[in-house]
> 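There's a structure below that I have some questions on.
In what follows, every heavy atom counts, from backbone to side chain, and hydrogens, waters and symmetry copies are set aside.
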Amino acid sequence: MERVFTLLSFGPGGWGDDIAAGVVITVSLALATLPVGLALGFLVALGKRSPDRFLRLAANIYTTIFRGLPELLTLFLVFYGAQIGLQKLIHFFDPAASIEINAFVAGMVALGAVFSSYASEVFLAAFRAIPSGQYEGGYAVGLSSSQTMRLVIAPQLLRLALPGLSNLWLILIKDTALVSVIGIADVLRQSQVAARVTKEAFLFFGLACLIYLALAMLSSIAIAAIERRAERAGAVR
């Protein structure tokens with residue numbers, strides 16, 4: 001037991017500070033990915049509802065690709081594939097130049113693309129649940145299309161989409177573990193290093209399990225609070 005406390009302690013003799021730094025990276029990546037995924041998902045949902053068939057086709061192709069590919073393969077395509085593509089492109093202008101994609105940014109883009117492909121379906125279902133009379137009512141009182149969307153539709157849309165988006169957030173937290181394969185020092189990566197160095201795999205992987213469960217529980221508490229507030233806001237309206 002004394003060895004366990006020593007290994008998990010903070011300071012030169014323990015791995016506590018490294019694991020804590022990994023938690024910060026994991027949470028930071030999830031929080032950075034969330035607005036990207038939400039914004040892209042909303043735009044893709046609008047594309048699927050567009051009267052322009054080319055926009056609808058493009059939006060459907062986007063979701064088909066990123067819902068069909070494994071998340072790990074998407075991460076590799078962004079981190080390695082995009083880097084190779086940009087390298088070849090920049091060589092046309094300067095053969096001596098080189099470019100390197102930041103692993104954190106690559107993880108954010110890859111996870112954001114996957115998140116947005118599923119979020120678009122959540123938004124689309126929420127759009128379909130809003131009666132057409134809500135749009136007509138907004139136009140009837142003199143609101144423009146953008147004002148109707150912002151003042152009338154968006155509050156209802158977010159309330160309807162919140163349960164589905166909450167589930168996607170919990171999935172996103174777990175998916176951040178994938179970025180360990182491209183060298184980001186997240187919780188799983190730090191646990192792997194600690195397990196390899198100390199030969200205490202059960203201890204550190206068990207600790208990683210507890211950390212992910214704790215993040216999920218804290219997220220569930222926060223999500224429940226947001227849902228209660230959204231319900232109260234909807235009741236006031």
> Drop me the distance from R159's CZ to I226's CD1, to the nearest 0.5 angstrom.
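Taking CZ in R159 and CD1 in I226, the distance rounds to 14.5 Å.
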> Mind checking the CG-CG spacing from L34 to L29? Nearest 0.5 Å is all I need.
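Between L34 CG and L29 CG, I get 11.0 Å after rounding to 0.5 Å.
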> Is it possible for you to say whether L31 and I223 belong to one hydrophobic cluster, with membership spreading through side-chain heavy-atom contacts below 4.5 Å?
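Linked within one cluster.
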> At their closest point, which heavy atom of A119 faces which heavy atom of G37, and how far apart are they?
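Scanning both residues completely, I find the closest heavy atoms to be CB-O, 4.3 Å.
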> Please find the pair of heavy atoms, one from L75 and one from L178, that lie closest to each other, and give the distance.
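Here L75 and L178 meet closest at CD2-O, 3.5 Å.
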> With the 4.5 Å side-chain cut-off for hydrophobic clustering, are L218 and I211 part of the same group?
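No, no single cluster joins them.
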> Check the hydrophobic clustering (I, L, V, M, F, W, Y; side-chain heavy atoms under 4.5 Å; chains of links allowed) and say if L46 and L55 are grouped together.
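Cluster IDs for L46 and L55 differ.
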> Which hydrophobic side chains are connected to F202, either touching it within the sub-4.5 Å cutoff or through other members that do?
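Direct or chained contacts put F202 with none.
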> Considering only Ile, Leu, Val, Met, Phe, Trp and Tyr, and joining two whenever side-chain heavy atoms are under 4.5 Å apart, list the other residues clustered with I221.
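Listed partners: none, I221 stands alone.
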> Which residues, ordered by chain and number, are linked to M217 in its hydrophobic cluster, where ILVMFWY side chains connect at heavy-atom gaps below 4.5 Å, directly or through other members?
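Answer for M217: none, a lone residue.
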> Looking at I101 and V78, what are the two nearest heavy atoms and their distance?
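Distance-wise, the nearest heavy atoms are CD1-O, 3.8 Å.
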> For A32, what residues pass the side chain to side chain contact (heavy atoms under 4.5 Å, CB included) criterion, not counting sequence neighbours?
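A32 satisfies side chain to side chain contact (heavy atoms under 4.5 Å, CB included) with F104, M108 once adjacent residues are dropped.
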> For residues 105-121, which residue pairs pass the side-chain hydrogen bond (donor to acceptor under 3.5 Å, both in side chains) check, not counting sequence neighbours?
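Every side-chain hydrogen bond (donor to acceptor under 3.5 Å, both in side chains) pair that includes a residue of residues 105-121, provided the two are not neighbours, is K48-E121, Y62-S116.
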> Name each donor-acceptor pair under 3.5 Å that joins a side chain in residues 151-158 to protein atoms two or more places apart or in another chain, with its distance.
unit_1, atom_1, unit_2, atom_2, d
Q156, NE2, Q134, OE1, 2.9
Q156, NE2, V152, O, 2.9

> Identify, with sequence neighbours excluded, every residue that meets side-chain hydrogen bond (donor to acceptor under 3.5 Å, both in side chains) alongside E71.
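Partners of E71 under the side-chain hydrogen bond (donor to acceptor under 3.5 Å, both in side chains) test: none.
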> Please list, chain by chain and in numerical order, all residues satisfying side chain to side chain contact (heavy atoms under 4.5 Å, CB included) with I61, sequence neighbours excluded.
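With sequence neighbours excluded, I61 shows a side chain to side chain contact (heavy atoms under 4.5 Å, CB included) to L57, I65, given in chain and number order.
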> Return the minimal non-hydrogen interatomic distance between V181 and Y80, and the atom names on each side.
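Closest approach of V181 to Y80, heavy atoms only: O-OH, 4.5 Å.
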> Quick one, L7 and F204 - any side-chain contact, counting heavy atoms below 4.5 Å?
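Contact flag for L7/F204 side chains = yes.
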> Give, for atom CG of L210 and atom CG of L215, the distance between the pair rounded to the nearest 0.5 Å.
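Rounded to the nearest 0.5 Å, the CG-CG separation comes to 11.0 Å.
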> Any non-hydrogen side-chain atom of L165 less than 4.5 Å from a side-chain atom of F123?
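When only atoms from C-beta onward are counted, F123 and L165 do touch, with a gap below 4.5 Å.
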> With sequence neighbours left out, which residue pairs that include part of residues 162-176 fulfil the side-chain hydrogen bond (donor to acceptor under 3.5 Å, both in side chains) condition?
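Only W169-S219 qualify under side-chain hydrogen bond (donor to acceptor under 3.5 Å, both in side chains).
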> Which atoms form the tightest heavy-atom contact between Y212 and I173, and what is the distance?
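Shortest heavy-atom separation between Y212 and I173 comes out as CE2-O, 3.8 Å.
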> Under a 4.5 Å cut-off applied to non-hydrogen side-chain atoms, are F115 and L40 in contact?
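Answer no - side chains too far apart.
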> For residues L77 and L69, determine if any side-chain heavy atom of one lies less than 4.5 Å from a side-chain heavy atom of the other.
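Yes - at least one pair of side-chain heavy atoms lies under 4.5 Å apart.
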> For residues I19 and F205: do they belong to one hydrophobic cluster (side chain heavy atoms under 4.5 Å, members Ile, Leu, Val, Met, Phe, Trp, Tyr)?
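Yes: a chain of side-chain contacts under 4.5 Å links I19 to F205.
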> To the nearest 0.5 angstrom, please state how far the CG atom of L111 sits from the CZ atom of F66.
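Reported value, rounded in 0.5 Å steps: 11.5 Å.
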> Of all heavy-atom pairs between A30 and L172, which one has the smallest distance, and what is that distance?
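Nearest pair, atom of A30 first, then L172: O-CD2, 3.6 Å.
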> Just to verify, what does L160 make a side chain to side chain contact (heavy atoms under 4.5 Å, CB included) with, not counting sequence neighbours?
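Per chain and number, L160 pairs via side chain to side chain contact (heavy atoms under 4.5 Å, CB included) with A126, A129, I130.
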> Kindly work out whether a path of hydrophobic side-chain contacts (I/L/V/M/F/W/Y, heavy atoms less than 4.5 Å apart) joins V24 to V105.
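No.
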> For residues 194-204, which residue pairs pass the side-chain hydrogen bond (donor to acceptor under 3.5 Å, both in side chains) check, not counting sequence neighbours?
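As it turns out, the side-chain hydrogen bond (donor to acceptor under 3.5 Å, both in side chains) pairs with a partner in residues 194-204, which skip direct neighbours, are R3-E200.
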> Got a list of side-chain donor-acceptor pairs under 3.5 Å for residues 184-193, not counting sequence neighbours?
unit_1, atom_1, unit_2, atom_2, d
D186, OD1, R189, N, 3.0
Q190, NE2, D18, O, 3.2
S191, OG, V187, O, 2.8

